[in-house]
There are 2 protein chains.
Amino acid sequence: MRRKKQNDLLTDVELEFMTALWSLGGGGVRDILARIAPDRNLAYTSAATIMRILDDKGFVTSTKEGKQLIYAPALSKDAYQTRSLQNLSAKLFDNTPATLVARLVDDAGLSQESLEEIRALLDRRLGDADD
Amino acid sequence: MRRKKQNDLLTDVELEFMTALWSLGGGGVRDILARIAPDRNLAYTSAATIMRILDDKGFVTSTKEGKQLIYAPALSKDAYQTRSLQNLSAKLFDNTPATLVARLVDDAGLSQESLEEIRALLDRRLGDADD
DNA sequence: CTTGGTCTACGAAAGGTTTAGAAGGTCGCG
DNA sequence: CGCGACCTTCTAAACCTTTCGTAGACCAAG
């Protein structure tokens, strides 16, 4: 059975848990739950269910260690960031990344510092292959 | 009563319809449905329901013209692009736009052309205050 | 061996999304 | 007037997401 709706995007809660797992590198349900916002008050079984779903969907791998399951990301955060950007670019920006960046740098809430950081990035990226 | 889950993001189908409406500027259900991918085969009443929901949520405005409702975006595409980027930046990039752009320009699928377009954008934006 | 703690798996409930049929209004034309 | 065409509104079904309780497995300590 395949996903039928989205390509391979995480739902809100799934992303919350993957973020915790990425920062951890790996761990059991209790470790992961400890990284979730404390005011969340999520039941342990809820967390376990989320992790099982992530496993089913292939976003994490699990290995039995003693009596508990240890989870590890099956997809790096970088890779997922790229995937999300591609999705957003396709859905909302006509697959033209330049428009996406334009909207980003037009955002008044963006600091000068951030802008310069971004240009430095681009200079580095374009400097190499420049002819 | 307000939305309870997301800030103010469109669902998949809602985005599909808003995209049609943005490209149209405004129109009735039949106009909008004509802009949706033709292999979609969506019933007219389904389209009407989506538009009513968008109206309820405040994403469009409607005015009665004769016997039909004419819809217009209550939110520009630019504004929604900005909103989406802010959301993605907060959820997945720790609110550091530079990281977002880094992931974007690291994407091997990005053409040299796009990269240069992006840098030109930044130069224009930063050129003023350059030292 | 039995009890208690910890774990995973299953199932259900509540809410949101997507689709579409049924019902009822309105308008123009014969 | 009455009919058909077209429109909106209501309602429901199917599915997905999120949350959690219950049940069953397993192990260690008394």
Side-chain angles (χ1 to χ4, degrees), chain A residues 1-21 26-34 36-72 87 91, chain B residues 1-21 26-72 84 87 91:
Chain A
M1 199 76 39
R2 185 74 51 76
R3 287 306 92 232
K4 61 186 51 159
K5 294 210 52 177
Q6 293 280 38
N7 292 340
D8 306 277
L9 292 192
L10 296 163
T11 66
D12 269 9
V13 178
E14 284 166 4
L15 175 57
E16 198 183 357
F17 276 72
M18 284 302 288
T19 300
L21 188 58
V29 171
R30 224 161 265 286
D31 307 316
I32 296 160
L33 189 51
I36 301 289
D39 60 329
R40 196 76 159 57
N41 266 12
L42 205 53
Y44 176 89
T45 54
S46 305
T49 300
I50 304 284
M51 292 315 298
R52 187 170 47 77
I53 290 171
L54 283 169
D55 203 350
D56 287 350
K57 292 190 179 175
F59 288 110
V60 303
T61 60
S62 61
T63 55
K64 200 128 203 166
E65 200 160 292
K67 65 178 170 181
Q68 78 172 329
L69 288 174
I70 301 297
Y71 293 101
N87 180 269
K91 280 200 312 189
Chain B
M1 202 71 38
R2 186 69 53 77
R3 288 307 91 229
K4 60 188 54 160
K5 293 208 54 172
Q6 293 279 43
N7 292 338
D8 304 277
L9 292 191
L10 297 162
T11 66
D12 269 10
V13 177
E14 284 166 5
L15 176 57
E16 197 183 356
F17 275 72
M18 284 303 287
T19 300
L21 188 59
V29 171
R30 223 161 265 288
D31 307 316
I32 296 160
L33 189 52
R35 283 278 173 126
I36 302 289
D39 58 330
R40 195 78 159 56
N41 266 12
L42 204 54
Y44 175 89
T45 55
S46 305
T49 301
I50 303 284
M51 291 315 297
R52 187 171 46 77
I53 290 170
L54 283 169
D55 202 351
D56 287 349
K57 292 190 180 176
F59 287 111
V60 304
T61 60
S62 61
T63 56
K64 200 126 204 166
E65 201 160 290
K67 63 178 170 181
Q68 78 173 330
L69 288 174
I70 301 296
Y71 294 101
S84 293
N87 180 269
K91 280 199 313 185

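Residue numbers start from 1 in every chain, and the chains themselves are labelled A, B, ... in the order their sequence lines are given, proteins ahead of strands. Heavy-atom basis, side chains included; hydrogens, waters and symmetry copies ignored.
The separation between A:R30 atom CZ and C:dT8 atom P is 9 Å, rounded to whole Å. Rounded to a whole Å, the CD1 atom of B:I50 is 8 Å from the C1' atom of C:dT17. Rounded to whole Å, atom C1' of D:dA28 lies 8 Å from atom NZ of A:K67. Atom CG in A:N41 sits about 9 Å away from atom P in D:dC20, given to the nearest Å. We find that NZ of B:K57 is positioned 11 Å from C1' of C:dT18, with the value rounded to whole Å. Atom CE in B:M51 sits roughly 15 Å away from atom C1' in D:dT9 (whole-Å rounding). To the nearest angstrom, C1' of C:dT19 lies 14 Å from CD1 of B:I36. A:R52 has its CZ atom 17 Å from the P atom of D:dA23, to the nearest Å.
Residues A:R52 and A:T49 form a side-chain contact, since some pair of their non-hydrogen atoms from C-beta on lies under 4.5 Å apart. Using a 4.5 Å heavy-atom cutoff, the side chains of A:I53 and A:F59 are not in contact.
Across all strands, A:T11 comes closer than 4.0 Å only to sugar-phosphate atoms, never to a base (heavy-atom distances).
Judged by atom type and distance alone, A:T49 does not reach the base of C:dA9 through any side-chain donor-acceptor pair under 3.5 Å.
Atoms CE and OG1, on A:M18 and A:T11 in that order, are 11.0 Å from each other to the nearest 0.5 Å.
Which of C:dA20, D:dC20, C:dT8 sits closest to the side chain of B:L42 comes down to C:dA20.
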